[in-house]
Amino acid sequence: MSLRDYIRNSQVWRSVFRHPAPKDRRNRAVVILTNLILHLHPVTIKQQAIALSYTWCMGGITFFLFIVETITGVLLMFYYRPTLEWAYQDMLALRDAVSFGILREIHRWAGHAMVITVMLHMYRVFLTGSYKPPREFNWVIGVLLLVLTFLLSFTGYLLPWDQLAIWAITVGSNMARATPFLGHEGPGFQLLNVGGFDLITSTSDARFVLLGARSVGEETLNRFYILHCVGIPLIAAFLMGVHFWRVRKDGGISQPL
Amino acid sequence: MIDPHPDLTTPVIWGLGWFWLAVFLMNTGWAFLRWRYRACGASGAAEDSARRRSSVRSVLFWGFYAVLLLAIAALHFAMAGRPSEFWFRLPEAFKDTVDELLSNPVAYFVLWIAAFGVPVCFPAWVAKPTVGWCALNAALVFLGLSLTDWDFRQIVGKPDNVPIVGMLFLVGFFTWLYFHRATDNDRRLAEGRPLREQENNDEVLVWPDLVYIELICMVALTALLIVWGIALKAPLEEPASPVRTPNPSKAPWYFLGLQELLVYFDPWLAGVVFPALIIVGLMAIPYLDFNQKGNGYYTFQQRKFAVVMFMFGFVVLWVSMIGLGTFLRGPNWNFFGIYERWDVHKLEVLDNVNLSEYFYLHSPDWLPWAGPLPQAPPEASTAARLGYILAREAPGIVLLFLYFGLLPPILAATVFRTFYLRMGFVRYVVFIVLLLLMALLPIKMILRWAFNLKYIVAIPEWFFNI
Ligand code: HEM
């Protein structure tokens, strides 16, 4: 008996995987059914549905990049404190004190890449007409995921707390000032007043809610940090669960009817 | 004296040498594929002989091209030590011409429209592998040559901008791939053959057929990210300072399309209403598209309208505007050519005029309304004030009313007749309003470029400008 077979047949191995190696038809089906992660997949699938030139693999790549972001992000959280005093210092330390450190790089580039791949995924889903019945609602979930991906990247952009960061967020959030009715420089904000007092001012408008202050500052950093590391990832992960579930329930990857 | 902005240095020439070597390898592979293809075609049939001869010519052509690239790469490696004598670079005259002709948003926009129009008008031609390959080579040669310019390198080589260059190539590639597969299917449909998606379409086991693809994909991506992470450092600028505004201040790259809109629209539209409508509009697509064809396979002929609309939005209004904001907007949000030095003092005269000013001030005198803008006297009541404002902005308000109120029924009775009949009233209204709003973006941009039009309706009193 070879070592490999010995391990495969040991009580420990079999307690983990619950079936023999996926070498024959039956066990190749069982492996998908009994494994939590693999069971996102069906047991069998149409050959053309998984052709690279059909799906471009973009949804899968987006999901993979999300996982990369989660792992590298958690590791970065060990080194990073979201305060005015430390945020930038911790960035410097990551750059200068860690030899061969590419944690921040991987997190940043995978983040950019995820925004690109999610856009391309949407592009291919449109071009194959995969949003048509019965997949309409999954497209809607997808649009929400697209927005969440932008927001994930946007909130993360602030965290290095350098010039690039705060001014990009300043430019990006300035427009909230002009929200109709809810921004203190938006059309119609004067309509929301009680007895002559404006309800919408620079300390109560949409931008203030976004930033937690009248300009990008410590409160914003804290707010964006929590949204970036906890809030948005949780919502996005939940919606991805729904998204994948719907791909299966709607009949798998789309095919000519 | 040492030039602080050298076009060429030894490391740059080395890097370019590797670049050309990579292009050489790609084209060698391509020439080899052509050759193999020729061998396959040699089935002996008489009609094949002409095709074979032409493919021999094509192999020769690509082989020759590859050798040329190899020579260029070798030249770089041989001359890397003497940057000042290195002659394989873009001539200044060429750069100046490009900057002069193309360094304005109009030319840029027109170029993208053209790039978008070619595949839409000639899908079958674009879908050919050779055409796609030539386009890729053209883009690479352009990139390689342009990289010999200092200013071009500054903007393209910025770590955060590198992914955007990659995105442009990816969008181009996938658009080509779409047309390639769609044309194939359209031909099959016309000839009554089964679709590509229906051929060789056995049911296969996910383990191994899909799981292995995923595994290989994950390993490859991990490798890519590690190489990318080593090659390019994540940017870290000076510590944040709320008082020192960088010039230009740019939003994160994926929002640059919206920031570009700020040039043409007020923030409440560009920053709030349009983004919200983009999201809502995207979500509405499945409920507006009543065409049941083209579900789950690539086709162009069966859903031309939908594809053209979406592609226009995605490629011309989204991706191209990201490119514009990233590469061409410099200090003071001025427009700079790709080889132009970012000069903070560059002046661009902005003399934009509101529609109401055109209407009242710039009308010929014999028109009854020509004269000063209607303005409320200081003692006027609120209601009177309102009246004056409305009178002043009447031309714009009427135009917008015609655009959103009159155009939809006219279109419903003419061009979009079938749409209206198949969609019903509510869906048609949602569809046409979204479509007209999308069309408003290029319309306003063109009006600005052509007539310096600032606002169609300008009521700064209420922060309400369109
Ligand atoms: C975080 C973002 C997203 C992830 C991780 C994700 C993941 C996936 C995956 C893995 C699939 C399976 C097929 C494939 O890979 O193409 C899929 C399918 C699908 N996705 Fe997404 N997606 C995301 C965003 C989006 C967006 C932005 C849209 C559209 C606006 C969208 C719409 C769809 C639809 C309609 C399907 C079914 C396609 C079919 O059956 O061919 N998804 N998604």
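All chains are named by letter (A, B, ...) in the order of the sequence lines, taking the proteins before the strands, and each is independently numbered beginning at 1.
Within the 4.5 Å cutoff, no side-chain heavy atoms of Pro239(B) are placed close to those of Trp161(A). With contacts defined as side-chain heavy-atom distances shorter than 4.5 Å, the pair Ile285(B)/Trp139(A) qualifies. Annotation: side chain of Asp160(B) is in contact with side chain of Leu164(A) (closest heavy-atom distance under 4.5 Å). Using a 4.5 Å heavy-atom threshold, the side chains of Leu144(A) and Met283(B) count as touching. Considering only heavy atoms from C-beta on, Trp268(B) stays 4.5 Å or farther from Met175(A) through its side chain. No side-chain heavy atom of Leu232(B) sits under 4.5 Å from any side-chain heavy atom of Glu105(A).
Within a 6.0 Å sphere centred on CZ of Arg248(A), heavy atoms belonging to other residues, nucleotides or ligands number more than 12.
The OH atom of Tyr287(B) lies 12.5 Å from the OH atom of Tyr131(A); values are rounded to the nearest 0.5 Å. Rounding to the nearest 0.5 angstrom, the gap separating the NE2 atom in His112(A) from the CG atom in Asn161(B) is 8.5 Å. Interatomic distance, CG of Asp162(A) versus CG of Leu236(B), reported as 5.0 Å (0.5 Å rounding). The distance from the CD1 atom of Ile45(A) to the CG atom of Asp209(B) is 9.5 Å, given to the nearest 0.5 Å. In this structure, Thr245(B) OG1 and Trp167(A) CH2 are separated by 3.5 Å, a value rounded to the nearest 0.5 Å.
A donor-acceptor pair is defined here as one N or O able to donate and one able to accept, closer than 3.5 Å; no such pair exists between the side chain of Gln47(A) and the backbone of Val204(B). The closest donor-acceptor contact from the side chain of Lys233(B) to the backbone of Arg95(A) lies at 3.5 Å or more, if one exists at all.
Of the two parts of Glu238(B), the backbone and the side chain both hold a non-hydrogen atom closer than 4.5 Å to a non-hydrogen atom of chain A. Neither the backbone nor the side chain of Ser215(A) comes within contact range of chain B; no heavy atoms are under 4.5 Å apart. Contact of Pro275(B) with chain A is not made at all, since no heavy-atom distance falls under 4.5 Å. In this structure, chain A has a heavy atom under 4.5 Å from the side chain of Asp289(B), while its backbone stays farther away. Of the atoms belonging to Ala306(B), heavy atoms from both backbone and side chain fall under 4.5 Å from chain A. With a 4.5 angstrom heavy-atom cutoff, Val162(B) does not touch chain A via any of its atoms. Contacts between Leu177(B) and chain A at a heavy-atom distance below 4.5 Å involve the side chain alone, from C-beta outward. Interface remark: Ile32(A) contributes side-chain atoms only to the contact with chain B (heavy atom separation under 4.5 Å). Heavy-atom distances place no part of Ala165(A) under 4.5 Å from chain B, backbone and side chain included. Of the two parts of Phe300(B), neither the backbone nor the side chain holds a non-hydrogen atom closer than 4.5 Å to a non-hydrogen atom of chain A. Leu262(B) touches chain A through its side chain: at least one heavy atom from C-beta onward sits under 4.5 Å away, while N, CA, C and O do not.
Listed here is the closest heavy atom pair of Arg104(A) and Pro235(B): NH2-O, 2.7 Å. Here the closest heavy-atom approach between residue Gln48(A) and residue Glu199(B) is recorded as NE2-O, 3.0 Å. For Arg196(B) against Ser53(A), the heavy-atom pair with the smallest separation is NH2-OG, 3.4 Å. Looking at every heavy atom in both residues, Gln198(B) comes nearest to Pro256(A) through NE2-CB, 3.7 Å. Here the closest heavy-atom approach between residue Lys132(A) and residue Asn291(B) is recorded as NZ-O, 2.8 Å. Heavy atoms only, all atoms of each residue included: Ile50(A) and Ile213(B) are closest at O-CD1, 4.1 Å.
For the residue pair Tyr297(B) and Thr128(A), no side-chain donor N or O sits within less than 3.5 Å of a side-chain acceptor on the partner. For the 3.5 Å distance criterion, the side chains of Gln255(A) and Asn295(B) fail to qualify, holding no donor opposite an acceptor. When only modelled atom types and interatomic distance are considered, His41(A) and Trp207(B) share no side-chain donor-acceptor pair under 3.5 Å.
Interface remark: of the candidates Asn200(B), Ile278(B), Val315(B), Asn200(B) forms the most heavy-atom pairs closer than 4.5 Å to chain A. Ranked by heavy-atom pairs shorter than 4.5 Å toward chain A, the options Phe464(B), Tyr178(B), Trp228(B) are led by Trp228(B). Comparing Gln292(B), Arg181(B), Lys250(B) by how many heavy-atom pairs each has under 4.5 Å with chain A, the most go to Arg181(B). Taking Glu214(B), Arg303(B), Met311(B), Met218(B) one by one and counting their heavy-atom pairs under 4.5 Å with chain A, the maximum is reached by Arg303(B). Of the listed residues (Val206(B), Leu210(B), Ile164(B), Val272(B)), the one with the most heavy-atom contacts under 4.5 Å to chain A is Val206(B). Of the listed residues (Pro159(B), Pro252(B), Pro267(B), Ser249(B)), the one with the most heavy-atom contacts under 4.5 Å to chain A is Pro252(B).
Taking the six-membered ring for Trp and thresholds of 30 and 60 degrees, Trp56(A) and Tyr298(B) have nearly parallel ring planes, at less than 30 degrees apart. Classified by interplanar angle (parallel below 30°, tilted 30° to 60°, perpendicular above 60°), the ring pair Phe255(B)/Phe150(A) is perpendicular.
In this structure, the ring of Phe174(B) has its center no less than 6.0 angstrom from the ring center of Tyr123(A). Ring centroid separation for the pair Phe314(B) and Phe126(A) does not come in under the 6.0 Å cut-off.
Electrostatic pairing of Asp202(B) and Lys46(A) does not count as a salt bridge here, judged by no charged N lying under 4.0 Å from a carboxylate O.
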